[in-house]
Amino acid sequence: MLRVYMDANATTPLLPEVMEAMRPYWLEHFGNASSIHQHGQQARTAVDRSRETMAQFFNCHDAEVVFNSGGTEGDNTAIFGLLHPGDHFITTSIEHSAILQAAHRMARHGVETTFVAPQPSGLIDPTDILRAIRPQTRLISVMLANNETGVLQPVEEIGKIAAETGIFFHIDAVQGAGKIEFDVRRFGCHLLSISAHKMHGPKGIGAMFVRRGTPIDPLLVGGSHERKQRAGTENVPGIVGLAKAAELAMHSLDDGTIYRLAKLRDRLEAGVLQLPGTGVNGIGADEKPVPRAANTTNIWFDNLEGEALVIALDMKGVAVSGGSACHSGATEPSHVLMAMGVDKNRARASLRFSLLKTATEADINHVLRVVPEAVEHLRALSPVAAGTLG
Ligand SMILES: Cc1ncc(COP(=O)(O)O)c(C=O)c1O
């Protein structure tokens, strides 16, 4: 059976070039980058070279790149490393739980957070950020691309507000990496987090841009790795894999891959929307179309259960994810869609399709064959469709 993976925002496979770049650092070049002997020096050279690539990726100085374990660590570091009791923090209600849960924890340490809600389109209005600022506001954190809708946030405008008001600005750029061009100077941020596994790199490795002079306390202390900003023996194969993935991502931004991906996503979307009782979450909610990451669409299907559709599609070889998350056994509708004002039942009946950058026309054809069959079948069985579910 043809299998089509359309859950790239959950994770992506390694590209073969990434695997090849990493291989020697698991085997012959296994040294500890802090060791003086040749094994160590080979590892150190690889880390230094990877740092140069990441500096190019972010458009920053080498010394402003800190390797870590991924997006969760970057998000936590920004919040735990900058905020002190009595500070005020501004973020949005559509962030990843790595931000939201860190903010909730800081409440116990005397940090109050304002969660700015999005427009119905999923876009954060920078003036809402401006309005939330208080004299005690020390940090603003806004994501670059939303993981569920793909909506790209106006980080440059928020960066300008942060600069004018003297507030630190962190961007969770995990879902933007490899999908849009990065320039931390243009974004106007002090901190920015990315994760390799969302961009065809390995899991458990990421990097943070930390603007020179940002007074951030490290999350992990111990050895003096990463200029004392992140203790722990460097994950050399991971770092090499991240840098290779970033290098390939930079090429894809230049060689038309992302444009091609947007065309495939648009064809998929238009095809699915042929079905009655469907629509794209966010699109059409406001007057103007909103910018989105090229690979993502989030579609609602009336009169069926989203979870049942995820399972039905999986059985037909299509991997997507639902607009709900399982918290302690109960399926909760997505906090992102709810914050956008999507009705609870519609949020539960929404699916995210997120394409790998290797997606093909044949993948789209397969999905467009399978989705109508599965939807029609489920609607025929559904108590929701039959009106027997209160
Ligand atoms: C927007 C966003 N931030 C942070 C994370 C966490 O990244 P990681 O899996 O590297 O910890 C994710 C992963 O789903 C994400 O989508």
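Each ligand, and each atom within it, is numbered from 1 in the order the structure gives. Basis for what follows: all heavy atoms, side chains included, without hydrogens, waters or symmetry-related copies.
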**Item:** Which of the ligand 1 atoms, numbered from 1, are nearer than 4.0 Å to a heavy atom of D75
**Value:** 3 (N), 4 (C)

**Message:** If you take the centroid of each ring, where Trp contributes its six-membered ring, are H104 and F115 closer together than 6.0 Å?
**Reply:** yes

**Request:** Give a yes/no on ligand 1: does K203 have at least one heavy atom closer than 4.0 angstrom to it?
**Result:** no

**Message:** Any salt bridge linking R227 with E64? Criterion: basic side-chain nitrogen under 4.0 Å from a carboxylate oxygen.
**Reply:** no

**Prompt:** Short list, please: which atoms of ligand 1 are under 4.0 Å from a heavy atom of M143?
**Reply:** 1 (C)

**Message:** I'd like to check whether S69 has a polar contact with ligand 1, where a contact means an N/O of the residue lying under 3.5 Å from an N/O of the ligand.
**Reply:** no

**Request:** Return yes if a side-chain donor-acceptor contact under 3.5 Å exists between H61 and R212, otherwise no.
**Result:** yes

**Complete:** atom 8 (P) of ligand 1: closest protein heavy atom, distance to 0.1 Å, is G71 N, 3.6 Å

**Protein heavy atom at shortest distance from atom 15 (C) of ligand 1** = H96 CD2, 3.3 Å

**Asked** Under 3.5 Å, is there a donor-acceptor pair between the E247 and T53 side chains?
**Response** no

**Asked** Side chain or backbone of N147 under 4.0 Å from ligand 1, or both, or neither, by non-hydrogen atoms?
**Response** side chain

**Message:** Need the ligand 1 atom indices (1-based, order shown) with element for anything under 4.0 Å from a heavy-atom of S195.
**Reply:** 8 (P), 10 (O)

**Request:** Give the residue and atom name of whichever protein heavy atom lies nearest to atom 16 (O) of ligand 1, and the separation in Å to one decimal.
**Result:** Q175 NE2, 2.8 Å

**Complete:** of all protein heavy atoms, closest to atom 3 (N) of ligand 1 is D172 OD2, 2.6 Å

**Asked** What residue and heavy atom of the protein are closest to atom 6 (C) of ligand 1, and at what distance?
**Response** T72 OG1, 3.5 Å

**Complete:** Quick note on ligand 1: atoms under 4.0 Å from a heavy atom of G70 include exactly 10 (O)

**Request:** Inspect the contact between E234 and R44 and indicate whether a charged nitrogen and a carboxylate oxygen are less than 4.0 angstrom apart.
**Result:** yes

**Prompt:** Are E20 and K244 close enough for a salt bridge, meaning some N to O gap below 4.0 Å?
**Reply:** no

**Prompt:** Between V371, T297, L309, which is the residue that forms a side-chain contact (heavy atoms from CB on, under 4.5 Å) with L351?
**Reply:** L309

**Asked** Residues in side-chain contact (heavy atoms from CB on, under 4.5 Å) with P215, at least two apart?
**Response** L82, R138, F168

**Request:** Looking only at protein heavy atoms, identify the closest one to atom 14 (O) of ligand 1 and say how far it is in Å.
**Result:** K198 NZ, 2.6 Å

**Item:** Heavy-atom gap H197 to ligand 1 smaller than 4.0 Å
**Value:** yes

**Message:** Whether E361 and R267 form a salt bridge (side-chain N of Lys/Arg under 4.0 Å from carboxylate O of Asp/Glu) is what I want to check.
**Reply:** yes

